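Take a look at the structure below.
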2 protein chains.
Amino acid sequence: MEEIIGRTVEVLKALANPVRLSILALCLKHERSSRELREILGISKPLLIAHLRRLVALGLLEYRVDFDERRMIVKKYYRTRIKEICVDRGLLEEIAREIAGVGEEPSP
Amino acid sequence: MEEIIGRTVEVLKALANPVRLSILALCLKHERSSRELREILGISKPLLIAHLRRLVALGLLEYRVDFDERRMIVKKYYRTRIKEICVDRGLLEEIAREIAGVGEEPSP
DNA sequence: ATATAGGGTAAGATAATATTTACCTGGATA
DNA sequence: TATCCAGGTAAATATTATCTTACCCTATAT
C-alpha cells in the first residue's frame, strides 16, 4: 500500500492556491529572491515564507543559498522544480485499485 | 485576459480532496449510482451530493438520469469525464505571462 | 540612536471547507 | 400504519487555510 490518494491530495492542495501557483510560475525561467517575490505578489513576509516552505517541502521548489561575505548576509534564491503533476486516466486507475484494496499485504 | 490562475485554482481545488478524487476514480470504468458510491466511501448523503455537484459543475463528472416507470423513481448514474488536468511547464508559462500583464487590453 | 536588509517565529483573526444530524417530497412495500 | 427507496435542503458544527500585526536576531550604513 502506497497511499496514493493521500500523497496526490497533498500535492494538489499545494498547487490549488493562487499565490503558490504564481510562485512556481515566477521561479520557472530564472531564480528569484524572496524580496522580488514579495514585491510582485504584494504579500507579507511571514505569508510568503509559509508558502515557500510548503512548496519546498513537497519538492516543487528548490533554493540556493548565497552567502554575501562582505555584508555577512545569507540570501536564498528560489527556483521551480517541474514535476509534471498530471491527473489523468492512469492516476485515477491507480486510485481505484487502492480503494478496491488490491495489493494489500496479507496479515503476517 | 483569461484569468488562467483563477480557473486553474478552481479545478485543482476540486481535485485536491480524497473523497472527490475517489469519486472520479470509481466512476472511471463504469457508471455508478449514488447509493453505490455512498456505501464504498462511507459518507453521508448530503456530503456526497455536495461533492458530486461540485465535480459536475466543473465538467469533471457527468450523469445520466434513469427513470424507472414502474417504481416512479428517478435514479442518477455518474460517470467520470476525463479532462487530463496537467500542471506542466506550459501552464506555468501561461500563468507567468498573466502575472506580467502581457496581453492586457489597452484602455479604450 | 535609527533605519535598512535578510530570515525568521508566535499569536490571533477571518474566511473557506468539510461534515454531521434532522427534516421534506413522493411512491412502493410489508 | 410504518418502513424503505431515491433525491434533496437547512442549519449547525468542526476542522483547515489563509493572512496580518507584532515581535526577535544579526550586521551594515546614516
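Numbers restart at 1 for each chain; the letters A, B, ... are given by sequence-line order, proteins then strands. In this text, all values refer to a predicted model and were calculated from it rather than measured experimentally. What's counted below: heavy atoms across the whole structure, side chains too, no hydrogens, waters or symmetry copies.
Residues Tyr63(A) and Ile49(A) do not share a hydrophobic cluster, defined by chaining ILVMFWY side chains whose heavy atoms lie under 4.5 Å apart.
Between the C1' atom of dG6(C) and the CZ atom of Arg38(A) lies a distance of 10 Å, rounded to the nearest Å. Here the C1' atom of nucleotide dA18(C) and the CD1 atom of Ile43(B) are 10 Å apart, to the nearest Å. Following rounding to the nearest Å, Glu69(A) (CD) and dA27(D) (P) show an atom-to-atom distance of 14 Å. If you take OH of Tyr63(A) and P of dG8(C), they are 7 Å apart, rounded to a whole angstrom. The separation between Arg54(A) atom CZ and dT16(D) atom C1' is 10 Å, rounded to whole Å. Remark: P of dG6(C) and CD of Glu36(A) are 11 Å apart, rounded to the nearest angstrom. Atoms CZ (Arg64(A)) and P (dG7(C)) sit 12 Å apart, rounded to a whole Å. Between the P atom of dT15(D) and the CG atom of Asn17(B) lies a distance of 16 Å, rounded to the nearest Å.
Arg71(B) has no side-chain polar atom (N or O) that falls below the 4.0 Å cut-off from OP1 or OP2 of dA6(D). Between Ser44(A) and dT20(D) there is a side-chain polar atom (N or O) within less than 4.0 angstrom of OP1 or OP2.
In this structure, of dG7(C), dG7(D), dA18(C), it is dG7(D) that holds the atom nearest to the side chain of Lys76(B). Residue Leu47(A) places its side chain closer to dT20(D) than to any other of dC5(D), dT20(D), dT9(D). Side-chain proximity of Pro46(A) to the nucleotides dT20(C), dA10(C), dA27(D) is greatest for dA10(C). Comparing dT9(C), dG6(C), dA6(D) by their nearest atom to the side chain of Lys75(A) picks out dG6(C). Distance from the side chain of Arg53(A) is smallest to dG8(C) among dG8(D), dG8(C), dT18(D). When each of dG8(D), dT21(D), dT19(C) is scored by its nearest atom to the side-chain atoms of His51(B), the top-ranked nucleotide is dT19(C).
Positionally, the nearest nucleotide of DNA chain D for Tyr77(B) lies more toward the 5' end than for the other of Tyr77(B) and Lys13(A).
Under the 4.5 Å side-chain criterion, counting only non-hydrogen atoms from C-beta, Val11(B) is in contact with Leu15(B).
In terms of heavy-atom proximity, Leu47(A) sits nearest to Ile43(A) at CD2-CB, 4.1 Å. Taking each heavy atom of Leu60(A) and Leu24(A) in turn, the nearest pair found is O-CD2, 3.5 Å.
At a cut-off of 3.5 angstrom, counting only N and O atoms as typed in the model, there is a donor on one side and an acceptor on the other between the side-chain of Lys45(B) and the base of dG7(D).
The side chain to side chain contact (heavy atoms under 4.5 Å, CB included) with Leu26(A) is formed by just one residue from the set Ile95(B), Leu92(B), Ile99(B); it is Ile99(B).
Looking at heavy-atom distances under 4.0 Å, Ser34(B) makes contact with sugar-phosphate atoms alone, never a base.
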